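A short write-up of the structure that comes next.
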Amino acid sequence: MKILLVGGTGQVGSEIRLVCHNKNITCISPSSSELDITDKASVHSIIKNNLPLDFIVNASAYTAVDKAEDEVELAYKINRDGPLQLAEVCAQNTIPLLHISTDYVFDGSASTPYKENDATSALGVYGQSKLEGEFAVRDILLEHIILRTAWVYGAQGNNFVKTMLKLGRQRTELNVVSDQFGCPTAAVDIAETVVNIITQMRYKPDSRWGTYHFCSGDSTHWADFAKAIFTDAKCLDSEYPSVAVNSISSSEYPTKAARPHYSVLSCTKIEQLFAIAAPTWLSSLQRDIPNILKNI
Ligand SMILES: NC(=O)c1ccc[n+]([C@@H]2O[C@H](COP(=O)([O-])OP(=O)(O)OC[C@H]3O[C@@H](n4cnc5c(N)ncnc54)[C@H](OP(=O)(O)O)[C@@H]3O)[C@@H](O)[C@H]2O)c1
């Protein structure tokens with residue numbers, strides 16, 4: 001099996017490369033300077049030069065949620081126009097596309113986990129640009145999987161777990177928001193899921209194309225997530241400082257972009273159609289934190 005991965009240096013992309021390596025899947029993973037998703041000519045030529053391909057996986061994105069409010073044009077170029085271009089080349093060359101999206105396509109007004117066909121309504125530029133990327137993929141290409149995930153963390157890149165672990169070494173007390181609920185998801189688990197899906201989907205015809213949610217199977221808020229991070233860090237390293245976490249509301253921690261108060265995703269569909277079970281957030285955190293701690 002041979003795939004082309006866009007965004008292979010990111011949190012999720014770097015784990016996808018590793019899973020492919022372990023499963024003997026050929027993963028062509030050009031850097032963003034070799035394949036700039038905003039540059040139509042580069043997208044076309046890299047893909048054409050690497051045919052035949054069993055799948056294209058798009059793990060690239062503009063992910064700076066607050067900065068996107070100022071860099072609106074760039075966010076739309078990467079998150080909407082990029083997937084659109086990928087979908088066009090996929091359609092021309094009959095290659096299926098797995099595109100990763102986000103829980104931030106929802107506004108958080110629900111009180112039960114969002115299902116794939118629930119109404120979307122993003123609160124900020126990041127969420128809206130990702131939502132329009134989804135629309136583009138769906139419009140152009142039947143053979144697509146859109147995989148929405150949430151609250152991603154891993155050993156690579158920037159994320160909440162790494163931020164907390166670094167701050168915990170500098171401060172004895174931290175204020176963390178406790179009125180935003182979501183599903184912390186390990187990049188490792190997303191990568192396993194991506195490779196599982198593309199492996200299952202290579203045998204055509206298949207009726208399972210469409211949109212899926214994958215994240216941890218249970219939810220929490222940022223303050224409880226932070227407490228678990230510090231408890232685990234202390235268990236692993238007795239010299240890691242004790243950090244007190246104070247719960248605050250979002251209004252006490254204003255950010256440039258509004259975030260949904262509730263972006264919990266239901267993973268029932270992926271479990272039923274692909275037999276992929278969503279792990280609990282604490283079990284994945286406990287598995288991955290030793291590696292993350294080594295990398296900060
Ligand atoms: N992070 C989260 O909490 C979160 C939550 C929900 C959903 N998601 C979604 O999950 C997916 C993966 O996110 P992530 O956290 O792994 O992202 P990330 O760590 O920010 O990595 C983004 C990747 O996109 C690449 N990229 C950026 N601009 C590009 C361009 N113009 N052309 C080609 N590649 C470009 C980056 O390359 P360089 O390193 O070279 O810049 C990097 O490899 C995204 O679709 C994101 O929307 C993320």
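What you are looking at is a predicted structure, and each value in this text was computed from that prediction instead of being measured. Position 1 is the first residue of the sequence, and the numbers go up from there. For ligands, and for the atoms within them, numbers begin at 1 and follow the listed sequence.
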**Message:** Applying a strict under-4.5 Å side-chain criterion to I, L, V, M, F, W and Y, I'd like to know whether L131 and V152 cluster together.
**Reply:** no
**Asked** Are any side-chain N or O atoms of N159 and backbone N or O atoms of G154, one a donor and one an acceptor, separated by less than 3.5 Å?
**Response** yes
Under 3.5 Å, N/O to N/O: give me all the pairs between ligand 1 and the protein, one per line with atom names and distance.
from, atom 1, to, atom 2, distance (Å)
ligand 1, 1 (N), Q11, NE2, 3.4
ligand 1, 3 (O), V152, N, 3.0
ligand 1, 15 (O), Q11, NE2, 2.9
ligand 1, 16 (O), Q11, N, 3.1
ligand 1, 16 (O), V12, N, 2.9
ligand 1, 19 (O), Q11, N, 3.0
ligand 1, 20 (O), T63, OG1, 2.7
ligand 1, 24 (O), A61, N, 3.2
ligand 1, 31 (N), D36, OD1, 2.9
ligand 1, 32 (N), I37, N, 2.9
ligand 1, 37 (O), T9, OG1, 3.3
ligand 1, 39 (O), T9, OG1, 2.8
ligand 1, 40 (O), S32, OG, 2.6
ligand 1, 43 (O), G7, O, 3.3
ligand 1, 43 (O), T9, N, 3.4
ligand 1, 43 (O), T9, OG1, 2.6
ligand 1, 43 (O), G10, N, 3.1
ligand 1, 45 (O), I100, O, 3.0
ligand 1, 45 (O), K130, NZ, 2.7
ligand 1, 47 (O), Y126, OH, 2.7
ligand 1, 47 (O), K130, NZ, 3.1

**Asked** Within 45° of the axis and under 6.0 Å from the centre of the six-membered ring of Y212, does NZ or CZ of K269 qualify?
**Response** yes
**Prompt:** How far apart are the closest heavy atoms of K166 and I296, and which atoms are they?
**Reply:** N-CD1, 4.1 Å
**Item:** Donor-acceptor contact present, side-chain D118 to main-chain K115, <3.5 Å
**Value:** yes
**Prompt:** Are K227 and D232 close enough for a salt bridge, meaning some N to O gap below 4.0 Å?
**Reply:** no
